[in-house]
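Structure first, commentary second.
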Amino acid sequence: MVIIGSARHDENFCYSDGRAGNQTGNELETQEWYPHPKGWRVLRCRDSVKAEKIAANMQYACDNPHIGYDQNENYTLWDVVKHLGFDCRLVNTNCETDCARLVRVCCAYAGIMAEDFYTGNEAYHLLETGEFDEIPLAANNPDLLRRGDILVTKTKGHTVIVVKQSDQLEVDDFDGVYVVVD
């Protein structure tokens with residue numbers, strides 16, 4: 001099973017005017033991969049260490065109750081986290097983002113500084129960094145997705161990051177033992 005993480009909607013299932021922070025636990029969250037009606041484009045980081053950091057920071061963001069969703073205040077996460085090395089674990093001030101700005105924060109955490117983007121021009125700006133390749137065969141085949149892959153709709157819509165690939169191995173944070181995650 002492939003798990004993706006993203007910023008999805010505010011606490012009222014709307015796109016703006018909610019309160020700062022993740023009020024319900026599902027403004028930012030992880031879920032199983034799904035085929036998007038607009039179709040996905042898959043961007044894979046050329047550096048596996050950076051790809052891991054991208055995925056890790058998405059998980060940190062999804063787990064942080066201080067980070068919520070609001071398109072009208074979507075820069076407040078950037079403004080808070082830029083002074084923290086873009087590490088979403090360290091955010092302790094309620095703030096907001098949207099799906100594209102969250103992907104940008106995750107890339108910045110990995111040292112990839114892309115120009116600001118929204119889903120309509122995200123692929124262009126990420127490819128422009130020289131850090132990513134597009135993987136068309138993975139767009140409809142989740143078994144080809146890798147941790148850290150960025151999926152963005154073919155037209156303006158949504159973007160997510162793969163936080164767990166189907167054959168994912170993880171390091172247990174407490175004892176350094178590799179375990180297979182089902």
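Just so it is clear, the model here is predicted, and its values are computed rather than measured.
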Let me see the working for Ile161 and Ile54 under side-chain contact (heavy atoms from CB on, under 4.5 Å), right down to the final yes or no.
CA-CA 8 Å; Ile161 293 174; Ile54 290 168; 3.5 Å; yes
Linking I/L/V/M/F/W/Y whenever any side-chain heavy atoms sit under 4.5 Å apart, do [X] and [Y] land together?
X	Y	answer
Met113	Val103	yes
Val80	Tyr60	yes
Tyr34	Met1	no

Nearest-0.5 Å distance that lies between atom [atom1] in [X] and atom [atom2] in [Y]:
X	Y	atom1	atom2	value
Leu126	Glu134	CG	CD	11.0 Å
Leu144	Ile135	CG	CD1	9.5 Å
Thr30	Ile3	OG1	CD1	6.0 Å
Asn64	Asp87	CG	CG	9.5 Å

Could you tell me whether Lys38 atom NZ has more than 12 heavy atoms of other residues or ligands within 6.0 Å of it?
yes
With a sphere of 6.0 Å drawn around OH of Tyr124, does it hold more than 12 non-hydrogen atoms of other residues, nucleotides or ligands?
no
Are side-chain N/O atoms of Asn92 and His66 paired as donor and acceptor at under 3.5 Å?
no
If you measure only the distance, is there a donor-acceptor pair under 3.5 Å linking the side chains of Asp98 and Tyr118?
no
Specify the closest pair of heavy atoms between [X] and [Y], including all atoms of both residues, with the distance to one decimal.
X	Y	answer
Ala110	Lys53	CB-CB, 3.8 Å
Trp33	Ala139	CZ2-O, 4.0 Å
Phe132	Cys107	CZ-SG, 3.9 Å
Ala55	Val163	O-CG1, 3.7 Å
Cys62	Ser6	SG-N, 4.0 Å
Arg89	Tyr109	NH2-OH, 3.4 Å

side-chain contact (heavy atoms from CB on, under 4.5 Å) between Asn74 and Glu96, worked out
CA-CA 5 Å; Asn74 59 18; Glu96 305 280 57; over 6 Å; no
Could you tell me whether the side chain of [Y] reaches within less than 4.5 Å of the side chain of [X], counting heavy atoms only?
X	Y	value
Arg46	Glu131	no
Leu43	Leu127	yes
Ile112	Cys45	yes
Arg147	Glu52	yes
Leu28	Leu102	yes
Cys88	Ile67	yes

For Cys95 and Tyr75: C-alpha separation, side-chain torsions, deciding distance, then whether side-chain contact (heavy atoms from CB on, under 4.5 Å) applies.
CA-CA 9 Å; Cys95 56; Tyr75 290 101; over 6 Å; no
Of Glu122, His36, Arg104, Arg41, which meets side-chain hydrogen bond (donor to acceptor under 3.5 Å, both in side chains) against Thr159?
Glu122
Does a side-chain N-to-carboxylate-O contact under 4.0 Å join Asp133 and Arg44?
no
Using a strict 4.0 Å threshold on nitrogen-to-oxygen distance, state whether Arg101 and Asp116 make a salt bridge.
yes
Determine the sole option in Leu145, Leu137, Val162, Ile150 for which the side-chain contact (heavy atoms from CB on, under 4.5 Å) test with Val42 is passed.
Leu145
If you apply the rule side-chain contact (heavy atoms from CB on, under 4.5 Å), what do you find for Thr76 with Thr97, and how did you get there?
CA-CA 7 Å; Thr76 61; Thr97 191; over 6 Å; no
Look only at the side chain of Asn141 and the backbone of Ala138, and say whether a donor-acceptor pair between them is shorter than 3.5 Å.
no
Would you call the rings of His158 and Trp40 parallel, tilted or perpendicular if under 30° counts as parallel and over 60° as perpendicular?
tilted
